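Nothing here was measured: the structure is a model prediction, and the numbers come from that model.
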Amino acid sequence: MGEVREADIPVAGAGAAPASGGRGLPRHWPLLLVAAAVLPGVLLVLLGRSLEEPAVQAWRTVCLAVIVQALPFLLLGTALSGAINAFVPVSVFNRLLPKRPVLAVPVAGAAGVVLPGCECASVPVANSLIGRGVTPAAAFAFLLSAPAVNPVVLTATAIAFPGSPEMVVARLLASLAAAAVMGWLWLWLGREEWLRPAVRHTGHRPGHSRWTEFRQGFQHDFLHAGGFLVVGAMAAATFNVAVPRSVVEAFADSPWLSVLFLAALAIVLAVCSEADAFVAASLTGFSPVARLTFMVVGPMVDVKLFALQAGTFGRAFAVRFSAATAVVAVVCAVLVGGVLL
């Protein structure tokens with residue numbers, strides 16, 4: 001269930017809908033997303049003289065920080081996506097992944113350990129994997145695990161929490177568990193009509209230069225995903241400026257409210273997974289389980305990742321998948337953190 005066959009994927013030049021106007025993403029959806037994210041920030045700029053000038057500067061700073069953090073990894077992800085699409089034969093994935101999708105899910109999730117990238121890189125790579133015939137459930141498990149369990153992120157977590165190796169282990173186990181559960185949930189409940197991947201084609205086509213295909217694929221993915229990254233960064237900046245610090249501190253005293261609050265904070269702050277451990281470590285007023293939840297949820301669900309997923313796979317997918325991922329990630333973080341921390 002939920003598996004996309006290669007024959008079902010549209011081929012560029014053969015009636016395939018462009019990514020920005022695919023059936024899974026209505027024409028008015030980008031406008032609504034832009035309005036929700038950009039208008040508050042534009043209001044700050046236009047009314048900068050009547051508001052506190054530091055608020056305008058803070059909005060600009062946070063917006064640029066999110067973009068600058070994510071941009072190198074978006075470049076990495078789109079380059080890797082183009083390389084997979086142009087150079088890697090379909091047979092490679094058939095050999096590496098188990099035939100049974102239920103077993104391919106944890107294998108793909110564990111493969112996320114070897115990719116030093118963030119969530120921005122994982123979306124185009126997962127899209128390319130689906131285009132190469134990988135079952136969507138396995139591709140989604142990789143999409144969720146890669147930003148959270150790669151060596152760069154785990155090393156950063158160890159540095160941010162010195163003398164607390166259990167925090168690193170808890171993040172690794174909770175993230176892998178959440179990725180695998182979401183992959184299995186897609187096998188069980190996922191529907192093909194929710195998934196509208198904007199795949200250009202299914203590999204190298206005879207008579208076409210592989211380098212040309214790589215260049216065209218890289219250009220398409222980067223320009224498309226980059227626009228949604230900017231929208232997500234604007235939304236994160238708006239939250240940073242609009243919500244006072246006193247509201248944040250009010251939730252720290254309740255164990256359960258602190259977990260839910262930091263989960264929500266991770267979603268809207270959209271901190272790159274390579275840096276989120278340092279943010280979590282700075283939240284000293286919150287419990288270790290709540291801070292673990294922040295690090296597990298953030299790389300799997302945030303505003304820029306939702307925008308990237310909506311632009312790549314369609315709104316119907318992004319809404320359902322993000323909501324389910326948030327719940328699963330919180331549950332896994334609480335269960336693993338309750339045992340290890």
Side-chain angles (χ1 to χ4, degrees), residues 62 65-66 68-74 76-77 106 108-123 125 141-182 236 248 252 255 258-305 325-326 328-341:
V62 173
V66 172
V68 170
Q69 278 185 331
L71 196 57
F73 299 102
L74 181 61
L76 171 66
V113 174
V114 301
L115 179 65
C118 74
E119 53 269 31
C120 298
S122 64
V123 173
V125 172
F142 176 84
L143 182 153
L144 296 176
S145 68
V149 301
N150 68 73
V152 176
V153 169
L154 296 179
T155 300
T157 306
I159 295 173
F161 292 89
S164 300
E166 64 275 8
M167 183 64 80
V168 180
V169 175
R171 179 172 193 175
L172 173 65
L173 295 180
S175 299
L176 286 176
V181 169
M182 283 305 302
V248 177
S258 64
V259 167
L260 297 178
F261 180 78
L262 286 195
L265 192 66
I267 293 173
V268 296
L269 288 185
V271 181
C272 187
S273 59
E274 272 73 16
D276 64 355
F278 299 98
V279 177
S282 69
L283 301 171
T284 54
F286 291 87
S287 68
V289 174
R291 288 187 281 176
L292 173 65
T293 303
F294 180 88
M295 294 186 292
V296 174
V297 172
M300 297 186 177
V301 189
D302 64 36
V303 289
K304 72 176 185 297
L305 183 57
T325 301
V328 170
V330 169
V331 171
C332 289
V334 170
L335 292 177
V336 173
V339 173
L340 297 181
L341 301 179

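Closest heavy-atom contact between Phe142 and Pro147: O-CD, 4.4 Å. Nearest approach of Pro288 to Leu341, heavy atoms of both residues: O-CD1, 3.7 Å. Scanning all heavy atoms of the two residues, the minimum distance from Arg291 to Phe286 falls at NE-O, 3.5 Å. When all heavy atoms of Leu154 and Val149 are compared, the pair lying nearest together is CD1-O, 3.4 Å. Across Ala170 and Val336, no two heavy atoms sit closer than the pair O-CG1, 3.7 Å. Residue Val123 comes nearest to Leu305 through the heavy atom pair CG2-CD1, 3.3 Å, listed as atom of the first residue, atom of the second, then distance.
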List, one per line, each side-chain donor-acceptor pair under 3.5 Å for residues 258-271, sequence neighbours excluded.
unit_1, atom_1, unit_2, atom_2, d
Ser258, OG, Ser254, O, 2.9
Ser258, OG, Pro255, O, 2.7

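Inter-residue side-chain proximity for Met300 and Ser175 is flagged as met; some heavy-atom pair is nearer than 4.5 Å. Residues Leu292 and Leu340 have side chains not in contact (no heavy-atom distance under 4.5 Å, counting atoms from C-beta outward).
Proximity of a side-chain donor or acceptor of Arg171 to a complementary backbone N or O of Thr157 within less than 3.5 Å is not detected.
Under the rule for a side-chain contact (heavy atoms from CB on, under 4.5 Å), the partners of Val328 that lie at least two apart in sequence or sit in another chain are Ala178, Val181, Met182, Leu185, Cys332.
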